[in-house]
Amino acid sequence: MDLPTLIAQWSGKLPSGFVPQAVLCDEPPRCSQPRCTKPASRKPGGGYWKSCDSCRTRRAASCRRRRAALVADGGCRRCGYRKRLEGDFLCERCREDRDIERAQKRQDAFDAAAIDEFAAKPEKPHEPSNLDCGVSPWNARPKPEPSAAYWSPLPDPEPKSEQLWRYSLDDSGWRLSRH
């Protein structure tokens, strides 16, 4: 994977020199706000917003006014709806979200530093190991350990005279005798 595509995936922005697909529809959609007949405004990336520029600015101002009124009544400065913690300007949920976002940013910075450090190392040939074959300390066979049977001598074999299965009951062995 090339570096511009990787950066684009991480940052969420289109890579430089990216050509968006051609829009076959020539006319933009209408503004979705009631009683507005203007065409919807174009996004910087190439698509269309749901509303026109004037409706978007009007709604943004309305949201800012409502948020300011809620914060003035003791609401959270981030979401505006829940009450703030004692001596704080954020509610409990927003504080947790912010801490999670900060921890994620910190982890992303650590990861980027590790990637940069790895990329700065000179390339060297791969040293093969058992891990390449799928053998690890968790799934490897245990080394054979000598048991007591290894050191003890073999038992004496059973004498042939006691192995009755070797001789037939009918045969007296007269063929093998010389007289």
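For this chain, numbers begin at 1 and follow the sequence in order. What you see is a predicted model; the values in this text were computed from it and never measured.
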Suppose we screen for side-chain contact (heavy atoms from CB on, under 4.5 Å). Which residues come up paired with [X], at least two apart in sequence or across chains?
X	result
Ser136	Leu131, Trp138, Asn139
Pro146	Tyr150, Trp151
Lys143	none

Do Cys94 and Arg82 come close enough that some side-chain heavy atom pair is under 4.5 Å?
->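 A side-chain contact under 4.5 Å exists here.
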
Report yes if the side chains of Cys36 and Cys52 come closer than 4.5 Å at any heavy-atom pair, otherwise no.
->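 Answer yes - side chains close enough.
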
What pairs meet the salt bridge (Lys or Arg N to Asp or Glu O under 4.0 Å) rule with one or both residues in residues 96-111, with sequence neighbours excluded?
->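 For residues 96-111: Arg78-Glu101.
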
Going by the salt bridge (Lys or Arg N to Asp or Glu O under 4.0 Å) test, which pairs reach into residues 49-62, not counting sequence neighbours?
->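 Residue pairs with at least one partner in residues 49-62: Asp53-Arg56.
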
Can you list every pair that meets side chain to side chain donor-acceptor pair (under 3.5 Å) and has a residue in residues 113-128, with sequence neighbours left out?
->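 Checked against side chain to side chain donor-acceptor pair (under 3.5 Å) - neighbours excluded - the pairs reaching residues 113-128 are His126-Asp132.
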
Considering residues at least two apart in sequence or located in another chain, which fulfil the side-chain hydrogen bond (donor to acceptor under 3.5 Å, both in side chains) criterion with [X]?
X	result
Lys38	Ser54
Arg30	none
Arg175	Asp171
Glu145	none

Please round to the nearest 0.5 Å and tell me the distance separating atom OH of Tyr48 and atom OG of Ser32.
->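 Tyr48 OH to Ser32 OG: 15.0 Å, rounded to 0.5 Å.
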
Roughly how far apart are Arg93 CZ and Cys79 SG, rounded to 0.5 Å?
->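 Answer for the CZ-SG pair, Arg93 versus Cys79, is 7.5 Å.
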
Are Arg77 and Arg84 close enough, and set up right, to give a side chain to side chain contact (heavy atoms under 4.5 Å, CB included), and what steps lead you there?
-> CA-CA 8 Å; Arg77 279 206 207 154; Arg84 289 186 286 223; 4.3 Å; yes

Side-chain hydrophobic cluster, 4.5 Å single linkage: members besides Tyr81 |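 Noted: Tyr81 shares its cluster with Leu70.
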
Taking the hydrophobic residues Ile, Leu, Val, Met, Phe, Trp and Tyr, and joining any pair whose side-chain heavy atoms are under 4.5 Å apart, which ones share a cluster with Phe89?
->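 When side chains under 4.5 Å apart are linked, the cluster holding Phe89 also contains Leu90.
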
Under the 3.5 angstrom rule, does the side chain of Ser41 hit a backbone N or O of Ser51 as a donor-acceptor pair?
->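 Such a contact is found between Ser41 side chain and Ser51 backbone.
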
Side-chain (Arg42) to main-chain (Gly46) donor-acceptor, under 3.5 angstrom |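 Yes, Arg42 side chain to Gly46 backbone: donor-acceptor pair under 3.5 Å.
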
